Each structure stands twice: as C-alpha cells, then as structure tokens.
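Below, chains carry the letters A, B, ... as their sequence lines are ordered, and counting in each starts from 1. Predicted model, so just to flag it, every value in this text is computed and none were measured.
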2 protein chains.
Amino acid sequence: MSQGNIDVPVQVAEVDPEKLEACTLLEVINRVSGKWPIGILLEAMRGPVRFTELERAVEGISRRMLTLTLRNLERDGLLVRTVYPTVPPRVEYEATPMAKELYQSLTGLLGWAERHRESIAAARVVYDGHSAC
Amino acid sequence: MSQGNIDVPVQVAEVDPEKLEACTLLEVINRVSGKWPIGILLEAMRGPVRFTELERAVEGISRRMLTLTLRNLERDGLLVRTVYPTVPPRVEYEATPMAKELYQSLTGLLGWAERHRESIAAARVVYDGHSAC
DNA sequence: CTGGATCCCGAGTGATACTG
DNA sequence: CAGTATCACTCGGGATCCAG
C-alpha cells in the first residue's frame with residue numbers, strides 16, 4: 001500500500017520472504033514477550049483500569065516494572081493513558097483497538113499451546129532422562 | 001464472577017480463566033521468544049538442516065546460542081535431532097509437525113504485525129516527542 | 001495515588017579456546 | 001563437523017527511597 005508509481009526501477013532489495021517473516025515475527029514477539037505485557041494488556045482490555053488496580057491485578061509485578069511496561073505499551077500505541085487532574089492523581093489505562101486485535105491473534109497461539117501442552121510436557125520428561133518414573 | 005456452583009466442594013482451585021490464558025500464553029511466548037528460536041524453527045521447517053547450515057543461515061547467532069536454543073527446542077519436542085555416525089559427524093535437525101502447526105499460529109501474529117507496522121512506528125514517533133520532523 | 005531515581009544482584013549471552 | 005568449557009560483561013528487574 002505504499003505506491004502506485006510504475007516506472008521506477010524499484011530497489012526492493014530482494015528481501016527473502018522468510019527472513020522478513022522471521023524479522024517481523026520477532027518484532028511482535030519481543031513486543032509482548034516478558035512476564036508482564038500480556039497480563040497488563042489482558043486487564044486493560046476489559047476497560048479503563050487504574051495504576052493501583054493493575055498493580056494488584058497483575059500480581060507479582062513490581063511498581064517499577066509496571067511503570068516501565070506501561071510506558072512501552074503506551075509508546076507502541078497499544079495502551080492509552082488518561083490523566084485526570086484530580087486531587088489524588090488518577091490515571092487510567094485502556095487497551096486500544098489495535099491491542100484488542102492483537103489479542104485475537106494471540107488466541108491462535110493460545111490454542112496451539114493448549115492443544116500441545118501435554119505433548120510438550122511429555123517430550124520434556126523424555127528428554128530430561130525420563131528419570132522420575 | 002467467580003462461581004455458580006453451590007453444593008460441591010470442588011478443589012478445582014478456582015482458576016480465573018483470564019489468569020489461565022495469561023499463563024498459557026506466557027508459556028508459549030516464552031518458548032519462542034528470544035532472538036533465535038523463530039529463525040531456527042523457520043529454517044528447520046523446510047526440511048532437515050545441519051548444524052553448520054543453521055549457523056550460517058540464522059546469521060548473527062553464536063555457536064553457543066545455537067546449541068542452547070537447539071537443545072531447548074528439541075527438549076520441547078519442536079525439533080528432532082538425528083545423528084549420523086559418519087566419519088565427519090553429521091547431525092540434522094528438523095521441525096516436528098507440532099512445530100509446523102505452531103508456525104501456522106504464528107502467522108496470525110505476523111498478519112497483525114504487518115497490518116499495524118506503520119501505526120506502531122507512528123505511535124512511537126509521537127510518543128518519543130515527535131521531534132525529528 | 002502515580003511515578004521517577006538509584007543501587008545492586010543474578011541470569012543470559014557473546015567471545016574465545018578446546019575436544020571427540 | 002558438531003559441539004563443550006570458561007570467563008567476562010551486559011542488562012533486566014527487584015528493593016528502596018524520593019517527589020509531584
């Protein structure tokens with residue numbers, strides 16, 4: 001969707017489609033990887049949620065990581081941050097449509113994980129020396 | 001929203017379905033996160049591939065990380081390792097059907113990434129102070 | 001309440017050298 | 001060819017204290 005001009009000797013660089021896939025996939029994987037992004041996104045998906053609510057909901061996250069992760073998600077346009085200049089500061093975070101769409105895609109992975117959860121566990125037991133029998 | 005059962009003292013631990021989703025997703029995300037797993041999987045998906053071939057194909061990976069990542073993927077049953085006791089040792093890795101199915105799921109993420117690549121880039125520019133204008 | 005600033009430790013990873 | 005071993009270093013992330 002980047003052009004319609006025709007007579008240009010396009011230098012598309014012959015990108016190997018598979019390399020491109022690996023790269024792009026890597027970007028999105030990195031975006032949601034880590035312990036916290038998904039948990040936070042899941043909460044913010046249900047509607048506006050406050051900082052403290054997230055702190056309790058995500059469970060186990062430190063204030064520092066909550067802040068940092070929140071900033072990154074906001075930066076990528078996955079979360080909107082709304083500040084209400086009230087006396088006790090009030091800030092709400094909510095997932096953007098883009099983030100919700102991401103979740104739809106993640107569902108595919110979730111399905112895969114659930115379908116193969118046992119297979120993987122079994123594979124590990126075997127690999128680890130199928131000792132504890 | 002935590003129950004509807006009345007008479008049974010079920011010990012199902014009352015797992016919040018959303019927590020479960022976050023957890024499972026996290027497992028699979030962690031499995032393929034990192035710089036290397038995807039690249040390796042992509043190569044091994046095309047057919048049996050040798051250690052050295054991977055070392056060149058993945059490009060940028062160190063021998064150490066290649067070995068470690070390979071071991072993890074094998075452990076999870078995503079890769080099969082075949083050793084041919086020939087004079088120069090020959091080892092081949094190939095993606096299992098399970099891994100290929102995983103790739104199908106990853107495709108959903110890839111689609112999302114491509115659809116929103118520009119939006120994200122734009123969001124970042126804005127967030128970063130839309131300076132370099 | 002919401003977050004920024006520091007300090008610090010351990011896991012992850014690259015570089016390099018060695019081996020069956 | 002296909003790894004393994006070691007070392008040094010970076011960096012994520014927790015703990016803690018400070019601030020608007």
B:R64: side chain to side chain donor-acceptor pair (under 3.5 Å) partners, not counting sequence neighbours: none
Listed partners of A:R63 passing salt bridge (Lys or Arg N to Asp or Glu O under 4.0 Å), at least two apart: A:E55
Set of residues satisfying salt bridge (Lys or Arg N to Asp or Glu O under 4.0 Å) with respect to A:R90, sequence neighbours excluded: A:E92
For A:R31, salt bridge (Lys or Arg N to Asp or Glu O under 4.0 Å) partners two or more places apart: A:D76
Those residues of residues 71-91 of chain B lying under 4.0 Å from DNA chain D by at least one heavy atom: B:R71, B:R81, B:P89, B:R90, B:V91
Any residue meeting side-chain contact (heavy atoms from CB on, under 4.5 Å) with A:T96, in chain and number order, not counting sequence neighbours: A:V80, A:M98, A:A99
For DNA chain D, the residues among residues 47-56 of chain B that have a non-hydrogen atom under 4.0 Å from it: B:R50, B:F51, B:T52
Inter- and intrachain pairs under salt bridge (charged side-chain N to carboxylate O under 4.0 Å, His left out), touching residues 32-42 of chain B, at least two apart: none
With B:E101 via side chain to side chain donor-acceptor pair (under 3.5 Å) - residues at least two apart: A:R115, A:H116
Those residues that, when tested against B:E94, pass salt bridge (Lys or Arg N to Asp or Glu O under 4.0 Å) (two or more places apart): none
Contact state string [nucleotides 7-17 of chain D, B base, S sugar-phosphate only, - no protein heavy atom under 4.0 Å]: ------BBB--
Side-chain donor/acceptor of A:E27 to backbone N/O of A:T24, under 3.5 Å: no
Residue pairs, two or more places apart or on separate chains, that pass salt bridge (charged side-chain N to carboxylate O under 4.0 Å, His left out) and touch residues 78-87 of chain A: none
Spacing of B:E92 atom CD relative to D:dA2 atom C1', expressed in whole Å: 13 Å
